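One structure below.
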Amino acid sequence: MQRRSLFETTATLGLGALAGCALPGHAAKDAKTPFDVPATYVPIVGSDMVFPVRRIYCIGRNYAAHAREMGSDPTREPPFFFQKPTDAIQNVAPGTVADHAYPPLTRNYHYEVELVAALSTGGRNIPMASALDHVYAYALGLDMTRRDLQRAMGDEKKPWEIGKSFDKSAPIGPLHRVGRTGHFTQGSIWLKVNGQTKQNANLNQMIWSVAEQISKLSEAFELMPGDIIYSGTPENVGPVVRGDVIDCHIDGLPNLSVKIV
Ligand code: MN
């Protein structure tokens with residue numbers, strides 16, 4: 001009864017309902033579970049299918065000027081990665097300004113605009129030369145960060161998960177398949193708050209390219225279909241407060257906008 005009503009809700013609402021929520025998963029009809037847990041999907045532009053998200057990987061300090069503003073030396077650091085929980089996804093439809101709730105516990109809530117790569121195949125120890133073959137699609141995303149908590153935990157040599165891996169910390173636009181857009185190795189990436197430019201860089205300024213990120217990640221984890229990778233943010237991250245409107249852009253993708261509420 002409950003599962004049927006969830007399914008009907010999904011079918012009735014269609015893709016438009018993806019903004020701001022996750023769709024119910026497809027548990028087997030006779031699965032013996034005491035309750036349903038929703039799965040996370042991202043819409044695919046030009047398709048009636050949706051992309052099932054398995055894991056969200058994020059690379060840290062992947063633009064030299066941003067690494068410097070975070071207090072590290074970009075020339076000597078190997079790439080490092082962290083994860084967000086899958087249900088951190090907040091789907092944002094192009095042409096809308098989605099409400100994004102200011103999260104609890106922080107007094108320094110930061111934006112980070114990022115290119116996101118979505119994988120349809122995976123593997124271990126993937127060579128760089130074939131790494132991009134695993135990318136199915138790209139999207140524009142925000143790696144929202146409770147900077148005060150991230151810094152405080154880092155200072156104490158504790159995991160800074162609470163600063164990065166919280167509810168709704170990963171707003172994302174719809175996925176654009178590689179066949180329609182090609183790969184994103186260069187192009188403008190920018191972010192504005194209330195119309196004022198805050199971040200403004202070029203994708204070719206990444207320290208580790210998307211291909212290198214896939215290759216490096218696959219040394220540490222077996223990558224799988226459904227994995228998505230937030231590829232890092234340029235310099236000039238900064239805070240937002242309630243009422244602010246964030247508008248972000250990558251050449252070749254529709255803009256992504258959220259309002260902090
Ligand atoms: Mn980031």
Side-chain angles (χ1 to χ4, degrees), residues 42 53 55-74 77-90 92 100 102-103 106 108-119 135 138-154 159-173 184 187-193 197-214 216-217 220-221 227-240 244 246-250 253 256 258 260:
V42 177
V53 181
R55 287 188 182 172
I56 304 173
Y57 291 105
C58 308
I59 186 170
R61 297 172 196 165
N62 195 34
Y63 289 76
H66 173 61
R68 281 191 289 273
E69 79 181 347
M70 299 306 287
S72 63
D73 177 354
E77 286 198 350
F80 71 93
F81 299 91
F82 59 92
Q83 292 185 43
K84 289 176 184 269
T86 301
D87 67 352
I89 291 287
Q90 178 188 4
V92 179
H100 177 85
Y102 197 95
T106 184
N108 193 17
Y109 191 42
H110 277 207
Y111 46 77
E112 297 189 357
V113 62
E114 309 202 0
L115 173 69
V116 182
L119 310 188
V135 179
Y138 291 93
L140 180 50
L142 281 165
D143 167 15
M144 297 304 291
T145 303
R146 296 192 282 208
R147 191 73 68 199
D148 43 357
L149 300 183
Q150 181 197 20
R151 288 201 176 117
M153 297 300 276
W160 38 254
E161 187 164 313
I162 196 171
K164 282 289 194 182
S165 306
F166 53 92
D167 304 340
K168 308 296 179 206
S169 59
I172 191 170
F184 288 78
S188 179
I189 176 170
W190 57 249
L191 177 145
K192 297 178 181 179
V193 177
T197 299
K198 299 291 186 180
Q199 295 187 277
N200 190 8
N202 194 293
L203 296 173
N204 64 17
Q205 294 172 305
M206 286 184 192
I207 298 170
W208 303 90
S209 68
V210 171
E212 288 170 312
Q213 292 174 50
I214 291 168
K216 284 286 180 188
L217 260 175
F221 307 95
D227 290 344
I228 68 173
I229 304 170
Y230 276 66
S231 63
T233 197
E235 66 275 18
N236 297 323
V237 298
V240 283
D244 284 346
I246 298 174
D247 188 28
C248 37
H249 171 90
I250 287 174
L253 296 175
L256 173 74
V258 298
I260 310 299

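Quick caveat, the model's predicted, so the values are computed rather than measured. Ligands are counted one by one from 1 in listed order, and the atoms in each one are counted from 1 as well.
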Please report the closest heavy-atom contact between Y102 and V240, naming both atoms and the distance.
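Result for this residue pair: CE1-O, 3.4 Å.
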Can the ring centroids of H100 and Y109 be said to lie less than 6.0 angstrom from one another?
yes
Checking the side chain of S165 only, and the main-chain atoms of P85 only, is there a donor and an acceptor separated by less than 3.5 Å?
no
Mind listing the protein N/O/S atoms less than 2.8 Å away from the Mn ion (ligand 1)? Waters don't count.
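Near the Mn ion (ligand 1), the protein supplies E112 OE1, E114 OE2, D143 OD2.
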Using ring pair (Phe, Tyr, Trp, His ring centres under 6.0 Å) as the criterion, point out the one residue from F221, Y57, W160, Y230 that pairs with F82.
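Of the listed residues F221, Y57, W160, Y230, the ring pair (Phe, Tyr, Trp, His ring centres under 6.0 Å) partner of F82 is W160.
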About how many Å separate CD of Q90 and CG of L256, when rounded to the nearest 0.5 Å?
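CD of Q90 is found 8.5 Å from CG of L256.
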Side chain to side chain contact (heavy atoms under 4.5 Å, CB included) with Y111: which of T145, V258, L191?
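In the set T145, V258, L191, the residue that makes a side chain to side chain contact (heavy atoms under 4.5 Å, CB included) with Y111 is L191.
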